Amino acid sequence: MPQPAHQPAPSTPVAARATRTTGRFPRRTTPPPAPTHLLQAAAGPTAAPARTPCLPHSPPCRAANTHPPAWRKCTRTLVNSRPCWHERREPQTPHFQGTTPTMSKVRTRFAPSPTGFLHIGGARTALFNWLYARHHGGEMLLRIEDTDRERSTQAAVEAIIEGLKWLELDWAGEPVSQFSRRERHLEVIRQLLDAGHAYYCQCTPEELAEMREKARAEGKPVRYDRRCRELGLCPPHDKPLVVRFKAPHEGEIVIHDLVQGEVRFPAEAMDDLVLMRADGTPTYNLAVVVDDHDMEITHVIRGVDHLTNAARQTMIYRALGWEVPQMAHIPLIHGPDGAKLSKRHGALGVEAYREMGYLPEAMRNYLARLGWSHGDDEIFSTDQLIEWFDLDAVGKSPARFDFAKLESVNGWWMRNLDQEKLLRRFIDWLPHAPAEQRERAETALKKLEDENTRARFEKLLPALRERAKTLRELFDLAWFLFAGRPLEMNAKARKLLNDDARALLAELHGRLSALPEWTEDTLEQAVRTYAEEKELKLGKVAQPLRAALTGSNVSPGIFEVLEALGREESLARIADQAA
RNA sequence: GCCCCCAUCGUCUAGCGGUCUAGGACGCCGGCCUCUCACGCCGGAAACAGGGGUUCGAGUCCCCUUGGGGGCGCCA
């Protein structure tokens, strides 16, 4: 399992292989679409359209001539105030360690932005990426999309990594910080500018807001009106400049999606999106294209909320002359009310599910079934998931998150997981118990170090697990094994222990202490005989006994409990409650 | 407002033109088992959103309506 290290390893010159565009994914069966009638001119730098001259007041710049040496002069001020490109050193790009590309290998990536915990939708996206890669013998990479410096936090990065680890979704190499690849992104922006696929724009956020408002009021599509597109602006300039992509004027962008099928976006719907902000930082859509390309991602699997980004990114790929990766946009997960998943419905961080006592295998099982199916099958081991998962069985309609079903699936895994593994899961869970159980959990953890207690627990585990839907319930059910005397009684247990019951316990204590052998069988025989003699139904005897032994009205079979607890402890507990 | 996507029991889904009086699972209701609670087993209620086409034949294909969702940032 990779460590959450964020220091890029010493670099392989990513840039060097970054421009390779052919023969990289020979295993592809469906070649990427080429509806290039509108973007033919965008085939690459060599096919760039004519340059527009600079404005009179600007000094000559790259946009105006084709001499490479002019670069330096110009790039000095490309980023309005900050000189970031003037020294043309090799960009420090992360080395995608351990992921030496094999031509035919499927490479997916999970690319969360670290602005919060790993929520349930993100977890499923990660799972699908992971399963798809595994199914095809490839690998999943992890990229942290931390270009939004305001909202990205290290704590979130750690929470995401922690969440993935809990779900046991591993990735190849080190996590890649998108922010750390900034230089490379700027380099590509420069390339785009150079080729005439991008231009400087001087519009301010205020002007743009005004533009949008007007368009909306007139019922027109809300888009940038491209007023700077042919101005030939370039830095230095009296206003801050951004770099925009030149979207095609006509035709359409067609994306071939493995889940959504063929989706067409008319060119009129495409905006001249910003590639570089006024502060000189690259934007998401540009960064994603560059990173996916450099990381040699073959399949981009993400939420449908990115579908329009797919169209935008496709334009950028084409302008760069790069091959577009296969794409799959999976439906989103909704809350029980069909609306967006809200906090109280399940938009919780995966650590919350861990706390609630769900098992990773159950989580994977449930999440996989949300939007994907394999006939009538409901329960899947991870190996089966890997064997059977594929994008063609992923539906297009959104699914609602259903706690009841999750719980049921979890219950199945509670009952059927390998005993050793369940034990380990339980012990691993204890330190993550919810706050109100933390104290007891610590006690249990300590008690489990005691061989005797541990043996009791293991002995009763088969009976306990059958009654628990979650690790948390298992813990509640098992608590009486760890609790000290005198046992705390719950309300129903107290009610059970009336005077008659206490008197009965006193008699029973006598009988049981006389027993030569303390086994489930001898105990059952003794108790049954006692009940018959007293002409009582077994329940009348078992329930007070249960209360005395477990402090509860619910437990595994009473004779099992008696045996597991042992003679000494059992008799002591009975004596505690006897009259 | 504009663009895109979706639509089978309450929920997740099977169904890829005839085998559908629509199957499974969760949940719900009834029962059996029984020392409690579970597990397990048996049974039940419960759906093709509506309207037009196409076809000998439509849950399955097409169109419209309605309803949901996503997107329209110098966020990702």
Side-chain angles (χ1 to χ4, degrees), chain A residues 111-115 145-148 150-152 178 201 203-205 208-209 212 215-224 240-244 257 260-261 263-266 268-271 273-281 283-285 287-288 303-309 311 329 331-332 334 336 338-340 366 369-379 395-409 411 415 463-469 473 477 492 496 524 527-528 531 537-547 550 552-559:
Chain A
S113 60
T115 54
E145 312 236 301
D146 52 356
T147 54
D148 184 342
E150 295 291 304
R151 300 195 297 152
S152 299
Q178 187 161 67
C201 165
C203 297
T204 63
L208 294 170
R212 276 191 282 268
R216 215 178 280 265
E218 290 172 5
K220 283 195 244 173
V222 182
R223 266 179 286 111
Y224 174 58
L241 297 177
V242 302
V243 174
R244 280 185 187 274
D257 193 285
Q260 303 292 327
V263 185
R264 295 163 180 276
F265 291 88
E268 303 87 63
M270 304 311 296
D271 216 341
L273 65 256
V274 171
L275 301 176
M276 188 190 78
R277 305 183 185 93
D279 68 359
T281 57
T283 59
Y284 165 78
N285 278 298
V288 167
V304 262
D305 49 334
H306 283 290
L307 195 63
T308 47
N309 285 331
H329 289 86
L332 266 19
H334 292 168
K340 226 169 124 184
Y366 175 71
R369 279 286 289 118
L370 231 44
W372 172 81
S373 63
H374 184 263
D376 281 341
D377 298 335
E378 297 286 350
I379 298 293
K396 291 206 246 181
S397 46
R400 301 183 189 200
F401 189 84
D402 182 11
F403 264 109
K405 179 95 176 211
L406 203 213
E407 198 153 284
S408 147
V409 172
R415 270 173 266 127
L464 255 13
R465 63 191 296 179
E466 193 167 292
R467 294 164 168 78
K469 288 239 162 50
E473 284 180 19
L477 248 17
K492 287 186 176 162
L496 241 24
E524 174 156 7
V527 174
R528 280 195 191 276
K537 287 179 91 175
L538 187 56
K540 285 288 177 199
V541 184
Q543 282 304 81
L545 209 42
R546 172 166 284 118
T550 69
S552 165
N553 56 314
V554 175
S555 84
I558 200 64
F559 309 114

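Because only heavy atoms are used, hydrogens play no part in the values below, and waters and symmetry mates are left out as well, while side chains stay in. All values reported here derive from a predicted model rather than from experimental measurement.
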Contact class for [X] vs. all strands (heavy atom < 4.0 Å): base, sugar-phosphate, or nothing?
X	value
Gly557(A)	base
Leu307(A)	sugar-phosphate
His306(A)	base
Glu378(A)	base
Gly371(A)	sugar-phosphate
Arg151(A)	base
Asp148(A)	sugar-phosphate
Thr115(A)	nothing
Pro556(A)	base
Leu273(A)	nothing
Val222(A)	base
Asp271(A)	nothing
Tyr366(A)	nothing
Gln260(A)	sugar-phosphate

Mark yes or no for a side-chain to base donor-acceptor pair under 3.5 Å between [X] and [N], with no hydrogen or angle criteria applied.
X	N	answer
Asp305(A)	G71(B)	no
Lys405(A)	A25(B)	yes
Arg467(A)	C37(B)	yes

Distance check: side-chain N/O of [X] vs OP1/OP2 of [N], anything under 4.0 Å?
X	N	answer
Ser373(A)	A14(B)	yes
Arg264(A)	C4(B)	no
Arg212(A)	C74(B)	yes
Thr308(A)	G70(B)	no
Arg546(A)	C37(B)	no

Side chain of [X]: nearest nucleotide among [options]?
X	options	value
Ser408(A)	A38(B), C26(B), G73(B)	C26(B)
Ala404(A)	G70(B), C26(B), C72(B)	C26(B)
Arg369(A)	A14(B), C12(B), U36(B)	C12(B)

Nearest-angstrom distance, P atom, U21(B) to C29(B):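 Each nucleotide's P atom is 31 Å from the other's.
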Charged N-O contact under 4.0 Å between Arg467(A) and Glu473(A):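 Answer for the salt bridge query: no.
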